[in-house]
Number of protein chains: 2
Amino acid sequence: MRITSSIEYATRLMVTLAAEHGKAPLPAERLAEIDNVPADFVSQILVKLRRAGLVTSHRGSAGGYSLSRPPREVTIEQVVRAVDGSVFEEVCERYDAGSKDCRHQGQCAISPVWTKLGEIVTRYFESVTLAAILEQKAGSCGAVPAWLEKLAPGK
Amino acid sequence: MRITSSIEYATRLMVTLAAEHGKAPLPAERLAEIDNVPADFVSQILVKLRRAGLVTSHRGSAGGYSLSRPPREVTIEQVVRAVDGSVFEEVCERYDAGSKDCRHQGQCAISPVWTKLGEIVTRYFESVTLAAILEQKAGSCGAVPAWLEKLAPGK
DNA sequence: CCATTCCTGACCTTTTTAGTCAAGAATGGG
DNA sequence: CCCATTCTTGACTAAAAAGGTCAGGAATGG
């Protein structure tokens, strides 16, 4: 399982924009420099973020991108969904869509495992805001959350 | 984020073998039929599971594969690791290995998010055994675990 | 001794990822 | 009103990963 470059880059961009929230908009090219992401790729990603309503663009000189909402109202879940379309795929659709011998219908034992994993990942992403990431030195992001500690290790 | 076919298929195979645990070994071709997985692909996956010590092979007629250990001692984490090498990639290595302008060194704000996500996924997989999947109708697998309920929704 | 079954590694095709590029359209400072 | 700046759109491409196939060989046990 992996984090794609789109997700990694989009998160960098959003964190940078969050740090600049309230100030002048940042041009895409400037963002590319700051976050060390290929310039043309940055534009592609920003388009997706804009279409998802997460950033606002301003054309002309002194234009650029800025956050549409304050950092504490933007979650990683929103960012991931904006660039990848969804947080976690529907496994059943992928492997057995419409087929009679679907292993995920009715008595299927495995399907709930993937479904629950998707919930867990989604909920975690929903719990992390850009503001929390910016404040991580205070421990609001880097620390393992209490609910995670409660999960008994397997075996 | 997605579950690869190797993971999905390997899990099917392991669950099927778990149901047959204690009985005669199942040939790869038979497993392919039961689980609706391409026969040649099944062999590839079984090799990985065997090298990881999760299944045992027996050659000759009446040979086949069987679980090396009882279903309650095998977790999804072990299965995923066997076929994919790891449960969750190291994001930092992927995008900034060794570079000076790594965004994940020192003051990096994002790295802990991916690290924690990896922990969450790994711990969940460790908490699900083949035995639990087989008993899912009794609710031991399909139900959302208590610790997940405690996570406050984002926003 | 031979049918059965596993073993190994190379090979191939398709899809996804990760970018690149070019032409155009809006904006606003001067 | 002009023009440099900046975003917008969509097509294009190269590389990697996923997903699957194949052939030849080596054990095993009936």
Side-chain angles (χ1 to χ4, degrees), chain A residues 1-13 17 24-66 68 80 83-86 88-89 91 93-97, chain B residues 1-13 17 24-33 35-52 54-66 68 80 83-86 88-89 91 93-97:
Chain A
M1 218 166 312
R2 68 189 291 192
I3 297 298
T4 62
S5 66
S6 290
I7 292 177
E8 160 72 16
Y9 295 161
T11 307
R12 289 187 196 176
L13 299 176
L17 286 174
L26 276 174
E29 194 154 3
R30 186 83 188 92
L31 277 168
E33 291 170 20
I34 295 175
D35 287 326
N36 193 31
V37 177
D40 286 314
F41 201 17
V42 161
S43 299
Q44 297 296 315
I45 294 168
L46 285 169
V47 163
K48 291 183 179 177
L49 294 172
R50 178 178 54 77
R51 287 181 179 154
L54 298 181
V55 302
T56 305
S57 61
H58 309 272
R59 295 209 245 199
S61 53
Y65 291 90
S66 54
S68 298
V80 171
V83 296
D84 266 20
S86 76
F88 206 87
E89 63 161 355
V91 180
E93 289 179 9
R94 183 173 181 82
Y95 295 107
D96 291 293
Chain B
M1 216 168 311
R2 70 191 289 187
I3 297 298
T4 64
S5 65
S6 290
I7 292 178
E8 160 72 17
Y9 295 160
T11 306
R12 290 187 196 176
L13 299 175
L17 287 174
L26 276 174
E29 194 155 2
R30 185 85 189 91
L31 276 168
E33 291 170 20
D35 287 327
N36 194 29
V37 177
D40 287 315
F41 202 17
V42 162
S43 300
Q44 298 296 315
I45 295 168
L46 285 169
V47 163
K48 291 184 181 177
L49 293 172
R50 177 178 55 77
R51 288 181 179 154
L54 298 180
V55 302
T56 305
S57 62
H58 310 272
R59 294 208 245 200
S61 52
Y65 290 90
S66 55
S68 299
V80 171
V83 297
D84 266 21
S86 76
F88 206 88
E89 63 159 357
V91 180
E93 289 179 8
R94 183 173 181 81
Y95 295 106
D96 291 292

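Here is the naming used below: chain letters follow the sequence lines, and residue numbers restart at 1 for every chain. Excluded from the calculations below are hydrogen atoms, water molecules and symmetry mates; all remaining heavy atoms, backbone and side chain alike, are included.
The A/Ser61 side chain lies nearest to D/dT5 when the options are D/dC7, C/dC6, D/dT5. Listed nucleotides D/dG19, D/dT8, C/dT8 differ in distance to A/Tyr65; the shortest reach to its side chain belongs to D/dT8. In this structure, the nucleotide among D/dT9, D/dC7, C/dC6 sitting nearest to the side chain of A/Val47 is D/dT9.
Remark on DNA chain C: of its neighbouring residues B/Glu29 and A/Arg59, the 5'-side contact belongs to B/Glu29, judged by nearest-heavy-atom nucleotide. Projected onto DNA chain D by closest heavy-atom contact, A/Ala28 and B/Gly60 fall at different nucleotides, the more 5' of which corresponds to A/Ala28.
Here the OG-CG distance, from B/Ser57 to B/Leu49, works out to 11.5 Å after rounding to the nearest 0.5 Å. Taking CZ of A/Arg50 as the reference point, atom OG of A/Ser43 lies at 11.0 Å (rounded to 0.5 Å).
Here the side chain of A/Glu89 pairs a donor or acceptor atom with the backbone of B/Ile3 at under 3.5 angstrom.
Distance, B/Asp40 CG to C/dC11 P: 17 Å, rounded to whole Å. Regarding A/Arg30, its CZ atom lies at a distance of 13 Å from the P atom of D/dC7, rounded to whole Å. Nucleotide C/dC7 holds its C1' atom 15 Å from the NE2 atom of B/His58, rounded to whole Å.
Contact annotation: side chain of B/Gln44 to base of D/dG19, donor-acceptor pair absent below 3.5 Å.
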